[in-house]
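Have a look at the structure below, then the notes.
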Amino acid sequence: MKDYVHMCLSIPPKLSASHVVGYMKGKSAISIARNFKGKQRNFTGEAFWARGYFVSTVGLDEKMVRAYIRNQEEQDCHRDQLKFGV
């Protein structure tokens, strides 16, 4: 999606979800700044991602969660069309 990201990750119990999310946000923000802003270093004070995130366990419904993530764009477009039809 253009304004948010859904991911289904498997994180081993020895790692905390907050550290994994922080690492992913940090590394991806640096990569995006290098590729799209032309910066090679000194990213101090810049923010790309929002501060928050949501984490939940999947358990036995992993297939359903993966299908939800895969079809999220279609569902959002359909929801937007319903709003305009009123």
Side-chain angles (χ1 to χ4, degrees):
M1 300 300 298
K2 64 183 180 180
D3 57 351
Y4 57 91
V5 177
H6 283 112
M7 291 185 193
C8 186
L9 302 173
S10 177
I11 300 173
K14 67 179 184 177
L15 298 176
S16 72
S18 63
H19 283 112
V20 172
V21 171
Y23 180 83
M24 289 175 49
K25 282 183 165 185
K27 292 297 183 181
S28 62
I30 290 170
S31 177
I32 290 166
R34 284 187 179 147
N35 291 322
F36 296 103
K37 288 187 171 183
K39 292 193 164 199
Q40 292 304 315
R41 60 173 114 126
N42 194 7
F43 301 101
T44 307
E46 294 188 32
F48 180 79
W49 297 108
R51 287 183 58 152
Y53 61 93
F54 173 78
V55 175
S56 180
T57 58
V58 173
L60 300 175
D61 294 331
E62 183 176 350
K63 287 182 181 179
M64 183 181 71
V65 171
R66 287 182 181 275
Y68 169 81
I69 292 170
R70 212 174 291 115
N71 299 320
Q72 186 62 43
E73 187 171 10
E74 285 178 28
Q75 292 174 10
D76 282 353
C77 289
H78 179 68
R79 204 172 303 126
D80 289 344
Q81 289 174 354
L82 290 175
K83 288 179 187 176
F84 291 124
V86 175

Exercise. Do you know the tightest heavy-atom contact between A29 and W49?
Worked result: N-NE1, 3.9 Å
Problem set entry | Transitive ILVMFWY cluster of V21, excluding itself - 4.5 Å side-chain cut-off | Y53, V55
For this session: Report yes or no: does S28 contribute a side-chain atom to a donor-acceptor pair with the main-chain N or O of M24 at less than 3.5 Å?
Result: yes
Exercise. Other than M64, which residues form its hydrophobic cluster under the rule that side-chain heavy atoms must be closer than 4.5 Å?
Worked result: none
Exercise. Taking all non-hydrogen atoms of both residues, which atom of R51 and which atom of K25 are closest, and how far apart?
Worked result: O-NZ, 3.6 Å
Problem set entry | Same apolar cluster: Y23 and M7, side chain cutoff 4.5 Å | no
For this session: Kindly give the cluster partners of F54, where membership spreads through any ILVMFWY side chain lying under 4.5 Å from a current member.
Result: none
For this session: Using side-chain contact (heavy atoms from CB on, under 4.5 Å) as the criterion, list what pairs up with S16, not counting sequence neighbours.
Result: S18, H19
